[in-house]
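Quantities reported herein were computed from a predicted structural model and do not represent experimental measurements. Just so it is clear: chains get the letters A, B, ... in the order the sequence lines come, proteins before strands, and each one is counted from 1.
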Amino acid sequence: MPDTQSDTQPYDPAAVEAKWRERWIERRTNAADLDGAAEPFYNLMMFPYPSAEGLHVGNVFAFVGSDIYGRYRRLRGADVFEPIGFDAFGIHSENYALKVNTHPAELIPRNIARFREQLRRVGLMVDWDHELSTTDPDYYHWTQWIFLQLYKAGLAEKRAAPVNWCPMCKTVLANEQVIDGYCERHPETRVIQRVLEQWFFKITDFAARLLDNLERLDWSDSTRTLQRNWIGKSEGADLVFATPTGQEIHVFTTRPDTVFGATYVVLAPEHPLVEALTTAEQRSAVNAYRRKVAQMDLVSRRVGSKDKTGEFTGAYARNPATGESVPIWIADYVLMEYGTGAIMAVPAHDERDHEFATAFELPIIPVVRMRDGTTPDLPFTTRDGVLVNSGQFDGMSCEDGIRAVTDWLETKKLGTRQVQYRLHDWCISRQRYWGPPIPVIYCDTCGTVPVPEEDLPVILPPLENFRPDESGVSPLARLEEWYRVPCPKCGGTARRETDVSDTFLDSSWYFLRYPSTDFDDRAFDPARTTRWLPVDSYIGGNEHAVLHLMYSRFITMVLHDLGHLKFEEPFTRFRAHGTIVKDGAKMSKSRGNVVVPDEYIAQWGADTFRMYLMFLGPYQEGGDFRDEGISGIRRFLDKVWALTAQPVGGTPDDDALRKLHQTIRKVTDDLQELRYNTAIAAMMEYVNVLRQEGQDAAREMPRELVEPLVVMLAPFAPHFAEECWERLWHHESVFDGSWPAFDAALAKDVEIELVVQVNGKVRARLTVPAGINEEEATRRALADEHVKRFIDGGPTKKVIFVKDRLLNLVV
RNA sequence: GCCCGGGUGGCGAAACCGGCAGACGCAAGGGACUUAAAAUCCCUAGGGAGGCGACUCCCAUGUGGGUUCGAAUCCCACCCCGGGCACCA
């Protein structure tokens, strides 16, 4: 006899959920057999940043959607591994710690404890044996190890790069912290550009692969599009503008066909050739301009469509197509980090070049006209035009011209086909405290020396005052006793790198760690990794579509190339969930519209809340959070509760059985595609049918009608389903049972409603046997009084028949 | 500016490949039960018009056009909302 509540008692979520939370721990229901699983299924959800505020409904929405899928796969027979961890390093945690004046080392464990408790209450099928935190030395040991692998492969290098610097905060700012050129925290202080030495990972070497592989991944289209745009592939040509003094200016263009209209050349102010090209007369003006640009912050430098500024270098270069001499300018609208840092300006057909040419009175020559012979107002840009003023290419279409001009310049050795990517190398240096120290030592004699792997981890030392200061280096640079070390190579005087690495490096490999958290001598165990990876299902927000997912793919690709992994793509299937907003705006503390799940779970129970979030709207779209409809879900669960209280027995009638199998088909299809809202609606419909059949609570409820319902409900409302399952005299967990089998024969309708249209307008609905043929359907339709009236005795010109759906008579 | 999403009753939404627009739920109105209330159960319900009535007709998926026997769905132009990128040559 199961020790359940008496069947006559109402559903009490608090009691049911407390009982099953305990049970699952006791029985180790959610622990995966990592070494013996026959059908491993890695169900991953993006791990949270453990903020001080705790979980908000957006997190719960995301996790529950992933959990439902994992539970569903388990019921389909898979051995599901569903781990969780905490992304607890980074500027986010550090800034908060500074604000509340508490050390992050103290704050983070507290936040994690709170998150853990909240997550448990949500009822996720998490295997807590493999919890991790990126701040744990056992974890960042291997983050540092990964850095070393990249370093050894020549994919990590230190170089100078411009950063945003706030003279008031005396620290480096991320682009997001610069508001219209001013510091976020000091609105009166202009942010300036400062050049600092930084570590970069050469992700650009992988641009083509990262792009090409996207085609083969089973990922949300929206996410793939974001990645594709971020990588930003452009096909074009590298053209050479030679100078009389012997220098060659290489420009990148996607429109080599317009080269005849290139009336001047522009270099980025930082371009290395500027120095050599600038004439004596122009030197002071050029230097003044370059200084001015260097003073600007990176963000306002990148704000487009402002007034164009620039300076003439005094030098000229030869247009490779026309042979004419064109002036060489410098201007800040040309960016050093894209292409070659130099452009050919075609002011007739490029808006920016046109603005610049107009401002500095440079010649503007149209070289394209429209196909219909007209020339719109300048500037206009089209690829669907015809070349003019272009020598032997006149009359050629732009598309043909792109090929022909490139070929022609190639034979003259003045051009080559070229592919450019927008993707930049990944700067992983942070002049901050709260992160894994970058494992490098600088020796006076040996230079840059990686920390030997056996000396890892480089422990982040305790530091009372971790506030960044004016030095532009990490607060760790204040700890001389920490950074002063002997060189691992020669034993001479050396110092540690004091920068820490980017949080995105922590999160770029955490999925590799989960199955292997019990190994402290390796980042990931080969056997475990082979069994469980790549990840079978990954669900997360599109806010991480670019950085996190791109970096994870990159790190995986590198580890694959270095022979550490057998696969080069980490996530076989990725689905982006939607965002839960409140009153039309993203939830944020500053807006004061954060919805906390705790009170809802306390009032309604986790199961009702889980289901309600899923019923709100399409999972992959998200929606606005309101709680008006939550009682509807509770009413539904109460109804199911009542059904499981009815005596079990009897034989199902055909209508109920048909509806059951139609529901199984619908729910199964929907779960596979994460259409949780419509799956819930289908189960509600089924329950409405069952209740009509078994109105009288004393009547018997056939086992084969109620059990499949409980199983289908289990992914959504796991505690509830366990309790119902037990009420139906089962002793094992519902999750050790199996998904109901769909029987197509039983699901088949015997009768259908055939829509009869006359000239496309519905005039009748006939109940007919399923599978009726066109002649019979037409005969019956024509016999219908109402249809007759609209046909008006005339002959039918055309009959359109869609089997079991519709008959359209055209007269 | 460019690239993605999205716009359907009072509200959240559904509608698979172009085939009954509004499933499912919330809120609402009416009724049953109750001393009463809550809970529960039953009924009604896009808008308009006609009819005592079973019922019938017309209009309706952001706006305007198009394709089609038939359009929420496809095409063209535009408006609004959300997100991403943004002087990327």
Side-chain angles (χ1 to χ4, degrees), chain A residues 10 221-226 228-230 232-234 236 251-255 258 266 301-306 308 331-335 337-346 349-353 355-356 381 420-424 542-543 545-546 576 578-579 581 584-586 612 615-618 620-633 635-636 638-639 642 666 669-670 673 675 677-688 691 695 753-762 764-765 786 789 796-811:
Chain A
D221 287 338
S222 59
T223 313
R224 290 196 301 176
T225 302
L226 284 167
R228 212 173 282 126
N229 293 345
W230 187 260
K233 181 178 178 173
S234 297
V251 304
F252 174 71
T253 177
T254 53
R255 295 296 302 275
T258 63
V266 189
R301 167 87 189 267
R302 285 188 183 133
V303 172
S305 70
K306 49 167 189 165
K308 293 283 178 288
D332 68 349
Y333 82 93
V334 175
L335 307 173
E337 64 266 28
Y338 184 75
T340 57
I343 61 154
M344 65 175 201
V346 184
H349 306 294
D350 181 284
E351 209 177 310
R352 298 152 300 174
D353 296 344
E355 278 174 33
F356 191 82
T381 307
Q420 277 297 331
Y421 297 94
R422 218 190 56 115
L423 185 70
H424 291 358
N542 253 345
E543 68 272 20
V546 180
T579 319
V581 296
K586 245 185 195 168
Y612 181 60
F615 192 57
L616 215 58
Q620 300 189 59
E621 283 169 37
D624 208 299
F625 183 83
R626 347 151 277 284
D627 51 17
E628 283 86 23
I630 195 161
S631 56
I633 295 289
R635 283 203 269 264
F636 168 68
D638 281 336
K639 288 174 194 173
K666 170 81 177 146
D669 289 352
D670 281 352
E673 295 307 320
R675 291 189 296 253
N677 55 333
T678 49
I680 293 169
M683 289 189 282
M684 286 174 166
E685 271 186 67
Y686 175 60
V687 166
N688 291 343
R691 279 159 51 80
Q695 198 59 245
E753 202 172 64
L754 186 77
V755 172
V756 181
Q757 297 182 335
V758 178
N759 290 336
K761 285 192 190 261
V762 180
R765 298 185 173 101
H786 197 233
R789 201 141 49 83
T796 50
K797 275 191 237 153
K798 196 171 170 188
V799 176
I800 287 127
F801 179 68
V802 183
K803 203 177 172 196
D804 287 349
R805 283 217 119 126
L806 155 145
L807 180 75
N808 187 10
L809 305 167
V810 185
V811 294

How is [X] classified with respect to the nucleic acid when contacts are heavy atoms under 4.0 Å: base, sugar-phosphate, or nothing?
{"X": "A:Lys797", "result": "nothing"}
{"X": "A:Asn759", "result": "sugar-phosphate"}
{"X": "A:Ser234", "result": "sugar-phosphate"}
{"X": "A:Ile343", "result": "base"}
{"X": "A:Arg228", "result": "nothing"}

Roughly, in whole Å, what's the span from [atom1] in [X] to [atom2] in [N]?
{"X": "A:Leu226", "N": "B:G82", "atom1": "CG", "atom2": "P", "value": "18 Å"}
{"X": "A:Glu351", "N": "B:A89", "atom1": "CD", "atom2": "P", "value": "14 Å"}
{"X": "A:Asp350", "N": "B:A89", "atom1": "CG", "atom2": "P", "value": "9 Å"}
{"X": "A:Asp669", "N": "B:A15", "atom1": "CG", "atom2": "C1'", "value": "15 Å"}
{"X": "A:Asn542", "N": "B:C85", "atom1": "CG", "atom2": "P", "value": "11 Å"}
{"X": "A:Glu543", "N": "B:G82", "atom1": "CD", "atom2": "C1'", "value": "14 Å"}
{"X": "A:Tyr612", "N": "B:G12", "atom1": "OH", "atom2": "P", "value": "11 Å"}

Strictly below 4.0 Å: does [X] bring a side-chain N or O up to OP1 or OP2 of [N]?
{"X": "A:Arg691", "N": "B:C41", "answer": "yes"}
{"X": "A:Arg675", "N": "B:A14", "answer": "no"}
{"X": "A:His424", "N": "B:C85", "answer": "no"}

If you assign A:Lys666 and A:Leu616 each to the RNA chain B nucleotide with the nearest heavy atom, which residue ends up on the more 5' nucleotide?
A:Leu616
Contact nearer the 5' end of RNA chain B, comparing A:Asp624 with A:Ala342:
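Upstream on the strand: A:Asp624.
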Residues in side chain to side chain donor-acceptor pair (under 3.5 Å) contact with A:Asp627, at least two apart in sequence or another chain:
A:Tyr600
Holding to side chain to side chain donor-acceptor pair (under 3.5 Å), I want the full list of residues that pass it with A:Asn229, two or more places apart in sequence or in another chain.
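Partners of A:Asn229 by the side chain to side chain donor-acceptor pair (under 3.5 Å) criterion come out as none, since no residue qualifies.
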Do [X] and [Y] have side chains that approach each other closer than 4.5 Å (heavy atoms only, starting at C-beta)?
{"X": "A:Thr253", "Y": "A:Val346", "value": "no"}
{"X": "A:Lys666", "Y": "A:Thr678", "value": "yes"}
{"X": "A:Lys639", "Y": "A:Asn688", "value": "yes"}

Looking only at non-hydrogen atoms, find the nearest pair between [X] and [Y] and report the distance.
{"X": "A:Val251", "Y": "A:Thr340", "result": "CA-OG1, 3.4 Å"}
{"X": "A:Gly760", "Y": "A:Asn808", "result": "N-OD1, 3.0 Å"}
{"X": "A:Pro618", "Y": "A:Asn677", "result": "N-ND2, 3.5 Å"}

Suppose we screen for salt bridge (charged side-chain N to carboxylate O under 4.0 Å, His left out). Which residues come up paired with [X], at least two apart in sequence or across chains?
{"X": "A:Asp624", "value": "none"}
{"X": "A:Asp350", "value": "A:Arg352"}
{"X": "A:Arg805", "value": "none"}
{"X": "A:Arg675", "value": "A:Asp670"}

Nearest-Å distance once atom [atom1] is located in both [N] and [M]:
{"N": "B:G6", "M": "B:A14", "atom1": "C1'", "value": "16 Å"}
{"N": "B:U35", "M": "B:A60", "atom1": "C1'", "value": "48 Å"}
{"N": "B:G9", "M": "B:A13", "atom1": "C1'", "value": "11 Å"}
{"N": "B:U44", "M": "B:C78", "atom1": "P", "value": "47 Å"}
{"N": "B:C17", "M": "B:G5", "atom1": "P", "value": "15 Å"}
{"N": "B:C42", "M": "B:C57", "atom1": "C1'", "value": "31 Å"}
{"N": "B:A28", "M": "B:A38", "atom1": "P", "value": "11 Å"}
{"N": "B:U8", "M": "B:A45", "atom1": "P", "value": "23 Å"}

Could you list the protein-to-nucleotides 44-55 of chain B atom pairs, N/O on both sides, closer than 3.5 Å?
none

Kindly say whether A:Val581 contributes a backbone atom to a donor-acceptor pair with the side chain of A:Thr579 at under 3.5 angstrom?
no
Does a side-chain N-to-carboxylate-O contact under 4.0 Å join A:Asp221 and A:Arg224?
yes
With sequence neighbours left out, what residues match A:Thr254 under side chain to side chain contact (heavy atoms under 4.5 Å, CB included)?
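With neighbours one apart ignored, the set is A:Ser234, A:Phe252.
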N-glycosidic conformation, B:C85 - syn within 90 degrees of 0, else anti
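That one's anti.
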Is the glycosidic angle of B:G9 within 90° of 0, making it syn, or outside that range, making it anti?
syn
With B for base contact, S for sugar-phosphate-only contact and - for none (protein heavy atoms under 4.0 Å), nucleotides 17-34 of chain B reads --BB--BBSSS-------
Taking only nitrogen or oxygen atoms into account, show me every contact under 3.5 Å that the protein makes with nucleotides 3-8 of chain B, one pair per line with its distance.
residue, atom, partner, partner atom, Å
B:C3, O2', A:Asn229, ND2, 3.2

Using the test ring pair (Phe, Tyr, Trp, His ring centres under 6.0 Å), find all partners of A:Tyr686 that sit at least two apart in sequence or belong to another chain.
none
Which ranges of RNA chain B pair up as stems, where a stem means three or more consecutive Watson-Crick or G-U pairs with both distances under 3.5 Å?
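Stems for RNA chain B, defined as runs of 3 or more consecutive pairs: B:1-7 with B:79-85, B:10-12 with B:24-26, B:28-32 with B:40-44, B:46-50 with B:55-59, B:62-66 with B:74-78.
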